[in-house]
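First comes the structure, then the notes that go with it.
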Amino acid sequence: MSKIKSLDELRKIKEAAKASTDLRTTGENPDRVVLMVGMATCGIAAGARAAMSALLDEISKRNLQNVSVVATGCVGLCYAEPLVEVRVPGRDPIRYGHVNDARAREIIDKHIVQGILLDNAIIGREVPKGE
Amino acid sequence: MNNLRMHILVCGGTGCVSSDSKAVHGRFVAELAKHKMDKEVQVVTTGCFGFCEQGPIVKIYPDNIFYTKVAPADVELIVKEHVVKGRVVEKLLYHDPEKGTSEAEHRHIPFYKSQMRIALRNCGIIDPEKIDDYISVDGYAALGKALESMTPDLVVEEIKRSGLRGRGGAGFPTGLKWDAAKKAAGAKKYVVCNADEGDPGAFMDRSVLEGDPHSVLEAMAICGYAIGADEGVIYIRAEYPLAVERLRIAIAQAEEYGLLGGNILGSDFSFHIRINLGAGAFVCGEETALLNSIQGSRGEPRTRPPFPAQKGLWLAPTNNNNVETYANICPIILKGADWYSSIGTEKSKGTKVFALAGKINNVGLVEVPMGTTIREIVYGIGGGIRGDKKFKALQTGGPSGGCISNENLDLPVEYESLASVGSMMGSGGMIILDEDDCMVNIAKFYLEFTVDESCGKCTPCRIGNRRMHEILERITQGNGTMADLDELKDLGEIIKDCSLCGLGQTAPNPVLSTLRYFYDEYEAHVKEKKCPAGACKNLLKYRVLPEKCIGCTLCARNCPVSCIEGERKKAHVIDSEKCIKCGVCYSKCPVKAIVRD
C-alpha cells in the first residue's frame, strides 16, 4: 500500500474497491436487474456454468451497475437448458433458452444495455437451438 | 478481471463468534474449494448484524438471502444447494413465530423493519479488517471533504446544527463540546474516545468497534482537525479483545494509506491515534476518571470545572466523546446537518442504538430513530416477551438508570422523556423484565454493582450506597420495616446530591425508580413478608395441596435435599425446615399440586 496523497487518489481507490463490495449494495437494491441462471443438474449438464461465466465476464467488462447474476434451481424446462431469465423491475420476466457463451453475451449487449429483446431465443416462442 | 458472482457474509461479531461463526466461515472456505468455486464466490467476515438471538448469521449476496442459526454442519448444504444450484435452503431462513412464515430477505423480518442504521451503517456489510471495504462505502470521504472544503469552524458549526448529543448517556450537545475544546487556548490538544463500555447489558460500542472501526478513527481525525488536536487516544477495556484487535488492524492500515499520520491527504493536518487499555473499572467510563486512568493515575473523578475541554488529558484541552457519538460524525459531514436533524424528535436528533437483553424474544442490537416508542422496540422489533409472560418493566441506563413500568410503554424514547419518568437514556442498554422478576431484587442487583464499582472518593457514594444495599438485603430476607423504605428514599436523595461524579449521582436511581413505580412490591416484602414475583427465596414457602396430590412421587425423587416425604398414591408433605426453595418440585409436579406462597 502506498500513501494516499489527495482526495482524488482516495476517490480512485474507492472506485477500485467498489468492485469488491458492489454486489452487496446491488443486492439490497429492490430496483436491480436480476439474471437468473438455471443451475440445477440439468442446467449444469447442459453448460449453464459457461453461460454464467460469460454473463459475469460481460457485466464486469462493461462495468454495469445494478445487475446481478443469481443461480436458481430447475424450472422444469430441462429440454431448453441452459436457461437465463431476465427480470427487470416493473416488466414481465423474459426467459431465454439454450444460452451458450455467445448468446449470454448477446443478452447483456442487446437486452440489458440496448433494451432489445432477443426474439429468436425467448422460451414460449419458436426456439432454435443455439449454434 | 473481477468475476465474483457471489458474496457470503458471515457475522464476526462477538455474539456470533461465541456461537461458532468462525468455524462456519472455515467450512465455507473449505466447501467452496471442494466445489472449485473459491475463485467466483467470496467469503467475508463482517461486523455484527444485530440479530444476535438468531446467530450465527450468514447473508448471501446478490441473492440477498438472510440465513439464521447456521451451524458449521449446515454449510455443506448451503454450498450444495444454494451456491451450486441456486436453491434457497428453506430451513435456515428466519421463521416469523407470529405469522408462521419464513422470510428470505432481511428487510421483511420484523426485527429490521422499523430500524434505521446510521451508527451501525456498515456493520454486517463490510469486512472490518479491510480498509478498502470501508473506503468503498465512502470511508474517509468525510475526512477528505472536511480537509479540502471546510474550515474547522465550519465543521464545528455543522456538528452543532445537526443536534447530535452525546451517546454515552448524559446527552450533552456534541457540537458545544467541540466548540469549547476548539476555543480553549493551548498549543497541544487531545481527542479522546471513550470505549470503556461498562453498563451491564450494553454492547453497542463493542459492536461498532468490531464491525466498523474505521468510522471511529475517521471521526476522531475530523474532530482533531476541528479543535486543533494532533493526537487521539482510544480508551478501551481489555475485556474487549476482538474490538481491540480490529482497532489495531484498522489503525495500522489507515497509517499505511496515510489516512492517519503526518500530512493527511496532502494537507497540513497531522493526526495520530493510539490505544490505551483499561482494566475494566466501571468508574473509568466517567470522563475525568478516564483521563486520570490514561495518565497512569488512579481512576478517580476530578472536580469540574475545569472541564476537560479546558484542562483535560495532561491538563491540555481535550475533547472526549463516546464511540457511538463518533460513529455518527461522518454521515453528518457527508450528508449535512439538515439531513441529520430531520431525523428524530425536537430535542433528540438522529438515531440511537439499543442493546436488547433480558426476557425478550429477539435479543440483539437495534438502531431506531429517536422518538420511537418503547412499545415498538419491545413488541415490534424485540418480538415481545419470551415464553408469553407478562411484561413488567424495562430497565434502561444500566446501574445509573431506572425502570420504566407498563403505564409508560407508549413513551417515545428520547433524553428528556426518559429522564421525566425517573430513568435515563444511558449508553443504551435495555433489559426487559417479566412477571418473574422481583423489582426489589433487581434494584439490589444494580446497587450491588455500583457498591463494588464505587471508587471510594466521596463518602456518600462509598458508604451511603453500602447502607442502602444492606437495607435492601434486609427487605429481601423479610426483615425490613416501613421505616426502611423512607430511609432508602432519603439516603438515595442525599447520595445523589453529594457525590462528585456521575456514578454516585446516579447510583440510587434503580432503587428510587422502583420505589416510585413498584412501591407495592416493596410493601409486600415488608408488610406481608412475601415476594409477589417469587424471586426472593427467603420469603418463599412451598407446600403440597393434599387434595390435588396424586402421590406420583415425582417431586420426592427429584428433590435435591430429600425433604419431601409420602407414600405412593398418597399426599406428600414438604419439610419446610429442610427445604432450600430450589423450585424443582414446583416445576416437576404433573398436576400442579405444589404451590408457592
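Just so you know, these numbers use all the heavy atoms, side chains as well, and skip hydrogens, waters and symmetry mates. Lettering of chains follows the sequences in order, A, B, ..., and the numbering in each one begins at 1.
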The side chain to side chain contact (heavy atoms under 4.5 Å, CB included) partner of B:R5 among A:L56, A:L55, A:V37 is A:L56

Tell me, for A:M36 versus chain B, whether the close heavy atoms (under 4.5 Å) come from the side chain, the backbone, both or neither. neither

Residues passing the salt bridge (charged side-chain N to carboxylate O under 4.0 Å, His left out) test with B:E158, sequence neighbours excluded, are B:R161

Measure the NZ-OG1 distance between B:K85 and A:T72 for me, rounded to the nearest 0.5 Å. 12.5 Å

Identify the residues of residues 133-152 of chain B whose heavy atoms come closer than 4.5 Å to a heavy atom of chain A, ordered by number, or report 'none'. B:D133, B:I135, B:S136, B:D138, B:G139, B:Y140, B:A141, B:G144, B:K145, B:E148

Once rounded to the nearest 0.5 Å, what's the spacing between atom CD1 of B:I131 and atom CD1 of A:I13? 8.5 Å

Which residues pass the salt bridge (charged side-chain N to carboxylate O under 4.0 Å, His left out) test with B:K113, sequence neighbours left out? none

4.5 Å side-chain heavy-atom contact, B:P62 and A:V70: yes

Rounded to the nearest 0.5 Å, what separates atom CG in B:D132 from atom NZ in A:K14? 13.0 Å

Starting at CE of B:M37, measure out to CZ of A:R49 and round the result to the nearest 0.5 Å. 3.5 Å

State which residues pass side-chain hydrogen bond (donor to acceptor under 3.5 Å, both in side chains) with A:K110; sequence neighbours excluded, sorted by chain then number. A:E106

Please state whether the side chain, the backbone, both or neither of B:K59 comes within less than 4.5 Å of a heavy atom of chain A. side chain

Whatever's closer than 4.5 Å to a heavy atom in chain A on B:V88 counts as neither

Options A:G43, A:S6, A:A48, A:G38, ranked by heavy-atom pairs under 4.5 Å with chain B, top entry: A:S6

Identify the two heavy atoms, one from A:R32 and one from B:N64, that lie closest to each other, and give their separation to 0.1 Å. NH2-CB, 4.3 Å

Count the heavy-atom pairs under 4.5 Å between each of A:L7, A:T41, A:I59 and chain B, then report the option with the highest count. A:L7

Side-chain contact, heavy-atom cut-off 4.5 Å: B:V44 with A:R24? yes

Region of B:Q42 in contact with chain A, defined by heavy-atom distances below 4.5 Å: side chain

